[in-house]
Amino acid sequence: METPSSAGGAFDVLVIGSGAAGLTAALALAEKVKVAVLAKGTLTGGSTAWAQGGIAAVLDAGDTFDEHIRDTMVAGAGLNRRETVEFVIERAPHAIQRLVELGVPFNMEGEALHLTREGGHSHRRIVHVADATGWAVQQALLQAAEAHPNITLLAGRSCIDLITGRHEQRYSGSGRVWGVYALNEETGRVESFTARATVMATGGAGRVYQFSTAPRGATGDGIAMAWRAGARVSNMEMMQFHPTCLYNLQVKNFLITEAVRGEGGHLINPRTGKRFMAFYDPERLELAPRDVVARAIDSEIKRFGLDCVHLDISHQPPEFVKSHFPNIYEKLIGLGIDMTREPIPVVPAQHYTCGGILVDLDGRTDLPGLYAAGECTESGLHGANRLASNSLLECLVFGEAAAADIMARWETFEAPPPVRVWDESRVTDSDEEVVIKQNWTEIRRFMWNYVGIVRTTKRLERAMHRIQMLNGEIEEYYRHFRVSTDLIELRNLLQSAELIVESALKRHESRGLHYTLDYPAADAEPMDTVLVP
Ligand code: FAD
Ligand code: SIN
């Protein structure tokens with residue numbers, strides 16, 4: 001674990017992020033080299049620990065890779081790269097086996113792993129630990145990393161920017177990545193971490209929206225850092241909204257897993273008392289892919305002037321509900337909702353960032369020395385809409401792939417040159433923290449209202465106008481005041497918002513998660529939106 005005196009330093013490889021992607025990469029790398037894992041806040045602060053439903057893998061004799069591939073591409077509205085989809089899905093059984101070996105206590109059915117079902121899947125193929133899969137996965141990976149002599153875990157390091165050729169003492173100006181500048185949240189000092197290779201695994205940008213199931217730190221830091229350093233990003237307009245986030249005035253951002261619908265839950269319009277999915281997707285009903293269900297709920301809410309819709313599983317036996325969803329049951333009981341007897345009020349909320357740093361099958365980015373894995377990337381797996389429970393899987397497969405490529409090329413990676421220390425000579429302590437809070441709130445609100453589930457060009461242009469105004473203000477603030485985690489996140493949040501809106505403005509069609517009233521049809525040929533810095 002972290003020692004209090006650690007103050008920057010040189011390692012063989014740096015991993016930024018301690019979620020499923022980062023820890024998987026670290027564990028694979030540590031077999032041969034010394035690795036430091038940096039994370040802002042705590043080591044369990046990412047989305048991984050929050051995952052509920054599970055991990056998709058073909059494990060049943062009646063299921064096939066081809067069907068999982070087809071379901072992934074149908075959900076992704078054809079924008080997926082087939083090569084990536086095959087790569088990930090064929091490695092899923094191995095990834096699950098690794099987790100079993102690490103001690104993840106997946107639910108069993110006799111001798112076999114129990115498989116639940118989620119929207120868009122034509123088979124039961126989701127392995128899970130009741131309704132708190134992510135926490136079990138996070139704990140198993142963390143315990144293995146803590147026990148590994150070649151891994152140094154450094155919590156409380158808020159990474160600011162990548163160290164590249166621009167920061168070498170003998171300026172080379174190259175895009176080669178040598179590490180990262182990170183704020184030590186305890187001392188308030190900025191430290192330099194260098195390495196032969198760096199793996200970005202910082203998760204998504206969900207908190208750019210007012211309502212999101214993602215944790216507080218999902219501010220797109222890695223995507224923004226890689227973009228500023230010169231890496232391309234792709235498909236940032238593809239923001240996934242989960243159909244069923246709890247609607248409650250005290251508790252915000254609590255997910256009600258898709259597995260509730262997978263195990264028979266119905267969506268009901270509280271005004272009519274009737275199920276409504278048959279109007280939107282007569283065949284797949286509540287188990288249609290997320291984009292379809294989220295738009296259907298959004299439409300019902302708007303048409304009937306509702307606050308929320310209802311998700312009802314009370315027709316299933318109470319013991320069945322309690323044993324499948326013990327954590328959700330307990331949480332709701334605490335709020336006075338008994339899901340075995342009454343419906344759960346739900347609304348859609350931002351849930352997953354499908355776009356991100358462009359990577360190849362080895363997790364390589366455009367920048368020499370920089371790899372990326374997990375939700376901060378666009379690998380080609382998800383296309384225009386992620387299939388449920390394919391995300392943890394992507395983290396596991398690409399964490400290993402990036403580590404394997406780094407080891408395969410190890411002899412070609414030079415040792416980092418001397419780099420410049422962070423210059424704080426021209427900054428002072430901020431006297432107006434309220435500016436950060438105000439801008440943070442403003443971004444999240446206009447992103448929700450103008451760049452949400454249903455878009456128009458006019459609304460996107462409005463959002464871009466607001467972003468351009470805030471850009472100058474936040475950059476000026478950043479240049480004059482000492483950095484804090486809040487300020488680092490605000491800068492990245494705005495950068496992520498800009499990438500999302502710019503991408504959305506470039507896509508003149510509706511496909512998957514990008515639905516615009518101005519271009520309601522899909523183009524004949526699916527094309528990625530690739531932004532070049
Ligand atoms: P994360 O787990 O988000 O980890 C990011 C790491 O980066 C954290 O350690 C964070 O501290 C660190 N970090 C970020 N910025 C910085 C910085 N500037 N400096 C230093 N460190 C930084 N997917 C599924 O497949 N199945 C599910 O059932 C499922 N359920 C979900 C439920 C919820 C409520 C949510 C929010 C998501 C769910 N997902 C699910 C999605 C999935 O959990 C995430 O996509 C996945 O866990 C992302 O893992 P990751 O390793 O890429 O990033
Ligand atoms: C859920 O449990 O509904 C979330 C699954 C996912 O995001 O993949």
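Bear in mind the structure is a predicted one, so any value in this text is a computation, not a measurement. Counting starts at 1 for both ligands and their atoms, following the listed order. Hydrogens, waters and symmetry mates are skipped; everything else that's a heavy atom, side chains included, is used.
- The closest approach between any non-hydrogen atom of Gly134 and ligand 1 is not below 4.0 Å.
- Compare Gly17, Gly156, Ala372, Ser47 by their heavy atoms: the one nearest to atom 43 (O) of ligand 1 is in Ser47.
- For atom 47 (O) of ligand 1, the nearest protein heavy atom (residue, atom name, distance) is Thr48 OG1, 2.9 Å.
- The ligand atoms of ligand 1 that sit less than 4.0 angstrom from a heavy atom of Gly374 are 52 (O).
- Residue contact check: Ala388 has heavy atoms under 4.0 Å from atoms 8 (O) of ligand 2.
- A distance-only check finds no donor-acceptor pair linking the side chain of Thr198 to the backbone of Leu14 [under 3.5 Å].
- With Val397 as the partner, the side chain to side chain contact (heavy atoms under 4.5 Å, CB included) test is satisfied by one option alone out of Arg91, His94, Glu90: Arg91.
- Atoms of ligand 2 lying under 4.0 Å from any heavy atom of Ser389, numbered from 1 in the order shown and given with element: 6 (C), 8 (O).
- In this structure, atom 10 (C) of ligand 1 has no protein heavy-atom contact shorter than 4.0 Å.
- Under the 4.0 angstrom criterion for non-hydrogen atoms, Thr213 is in contact with ligand 1.
- When Cys354, Ala349, Ser391, Cys159 are checked for heavy-atom proximity to atom 45 (O) of ligand 1, Ser391 turns out nearest.
- Contact check on Arg117 versus Glu263 returns no salt bridge, with no Lys/Arg side-chain nitrogen under 4.0 Å from an Asp/Glu carboxylate oxygen.
- Side-chain atoms of Thr48 come within 3.5 Å of backbone N or O of Ala20 as a donor-acceptor pair.
- Of all non-hydrogen atoms in Leu43 and Gln138, the two that sit nearest each other are O-NE2, 3.6 Å.
- Summarising the contacts of atom 34 (C) of ligand 1 with Phe398, Phe254, Trp50, the nearest heavy atom is found in Trp50.
- Minimum heavy-atom separation, Ala30 to His148: O-CE1, 3.2 Å.
- Each of the following atoms of ligand 2 lies closer than 4.0 Å to a heavy atom of Glu258: 1 (C), 2 (O), 3 (O).
- When each atom of ligand 2 is checked for a heavy atom of His351 under 4.0 Å away, the hits are 4 (C), 6 (C), 7 (O).
- Listed by number with element, the atoms of ligand 1 under 4.0 Å from a non-hydrogen atom of Ser158 are 19 (N).
- Atoms of ligand 2 lying under 4.0 Å from at least one heavy atom of Arg290, given by number and element, are 1 (C), 3 (O), 4 (C), 5 (C), 6 (C), 7 (O), 8 (O).
- Between Ile16 and Arg157, the closest side-chain pair of non-hydrogen atoms is not below 4.5 Å.
- For Ile55, the heavy-atom gap to ligand 1 stays at 4.0 angstrom or more.
- Among Thr353, Thr202, Thr116, the residue whose heavy atom lies nearest to atom 13 (N) of ligand 1 is Thr202.
- Centroid-to-centroid, the aromatic rings of Phe320 and Phe325 stay 6.0 Å apart or farther.
- Remark: aromatic rings of Tyr329 and His324 are distant, center separation not under 6.0 Å.
- Which parts of ligand 1 touch Arg157 is read off a 4.0 Å heavy-atom cut-off, strictly below it: atoms 19 (N), 20 (C).
- Scanning all protein heavy atoms for the shortest distance to atom 50 (P) of ligand 1 gives Cys395 SG, 3.8 Å.
- Contacts between Lys40 and ligand 1 below 4.0 angstrom, taking non-hydrogen atoms only, involve backbone and side chain alike.
- Residue Leu490 comes nearest to Trp440 through the heavy atom pair CD1-N, 3.6 Å, listed as atom of the first residue, atom of the second, then distance.
- Taking 4.0 Å as the cut-off between side-chain N and carboxylate O, Glu400 and Arg98 count as a salt-bridged pair.
- Ranking the protein heavy atoms by distance from atom 51 (O) of ligand 1 puts Ala21 N, 3.0 Å first.
- Not one N or O on the side chain of His121 forms a donor-acceptor pair closer than 3.5 Å with the backbone of His123.
- A distance of 13.0 Å separates CZ in Phe398 from OG1 in Thr24, rounded to the nearest 0.5 Å.
- Nearest protein neighbour of atom 53 (O) of ligand 1, counting heavy atoms only, is Gly203 CA, 3.4 Å.
- Considering both main-chain and side-chain atoms, Asn390 never comes within under 3.5 Å of ligand 2 through any nitrogen or oxygen pair.
- For the 3.5 Å distance criterion, the side chains of Ser18 and Lys40 fail to qualify, holding no donor opposite an acceptor.
- Residue contact check: Tyr352 has heavy atoms under 4.0 Å from atoms 45 (O) of ligand 1.
- Nearest protein heavy-atom contact of atom 40 (C) of ligand 1 is Ala51 CB, 3.9 Å.
- Remark: minimum distance from atom 52 (O) of ligand 1 to any protein heavy atom is reached at Glu375 N, 2.9 Å.
- Those atoms of ligand 1 with a heavy atom of Arg386 less than 4.0 angstrom away are 23 (N), 24 (C), 25 (O).
- Note on ligand 1: His351 sits in its first shell, one or more heavy atoms being nearer than 4.0 Å.
- Cation-pi check for Arg295 over Tyr515 is met; the charged atom lies under 6.0 angstrom from the ring centroid and within 45 degrees of its normal.
- The N/O atoms of Ala20, backbone and side chain alike, include one that comes under 3.5 Å of an N/O atom in ligand 1.
- The N/O atoms of Gly53, backbone and side chain alike, include one that comes under 3.5 Å of an N/O atom in ligand 2.
- The two atoms that bring Ile297 and Pro348 nearest to each other are CG2-CD, 3.7 Å, heavy atoms only.
- Counting only heavy atoms of the protein, atom 1 (C) of ligand 2 lies nearest to Thr257 OG1, 3.3 Å.
- The pair Arg207-Asp221 does not count as a salt bridge, with every side-chain nitrogen at least 4.0 angstrom from each carboxylate oxygen.
- Nearest to atom 25 (O) of ligand 1 among the protein's heavy atoms is Leu392 N, 2.8 Å.
- In plain terms, the two heavy atoms of Glu286 and Val293 that are nearest each other are O-CG2, 4.0 Å.
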field: Chi angles and distances behind the side-chain contact (heavy atoms from CB on, under 4.5 Å) call for Met238, His382
entry: CA-CA 9 Å; Met238 298 304 177; His382 307 305; over 6 Å; no
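- To the nearest 0.5 Å, atom OG1 of residue Thr116 and atom CD1 of residue Ile126 are 7.0 Å apart.
- Taking a cut-off of under 4.0 Å to the non-hydrogen atoms of Ala201, the atoms of ligand 1 that pass are 5 (C), 6 (C), 7 (O).
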message: Could you walk me through whether Val359 and Glu378 satisfy the side-chain contact (heavy atoms from CB on, under 4.5 Å) test, starting with their C-alpha distance in whole Å, then the side-chain angles of each, then the deciding distance to 0.1 Å, before giving a yes or no?
response: CA-CA 6 Å; Val359 289; Glu378 198 280 291; over 6 Å; no
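- Below 4.0 Å from some heavy atom of Ser18 lie the following atoms of ligand 1, by number and element: 6 (C), 8 (C), 9 (O).
- When Gly19, Gly53, Gly54 are ranked by how near their heavy atoms come to atom 24 (C) of ligand 1, first place goes to Gly54.
- Put simply, part of Ser389 is less than 4.0 Å from ligand 1, judged by heavy atoms.
- Distances from ligand 2 to the non-hydrogen atoms of Gln240 include no value under 4.0 Å.
- Residue Asp221 has at least one heavy-atom neighbour below 4.0 Å for each of these atoms of ligand 1: 15 (N), 16 (C), 17 (C), 18 (N).
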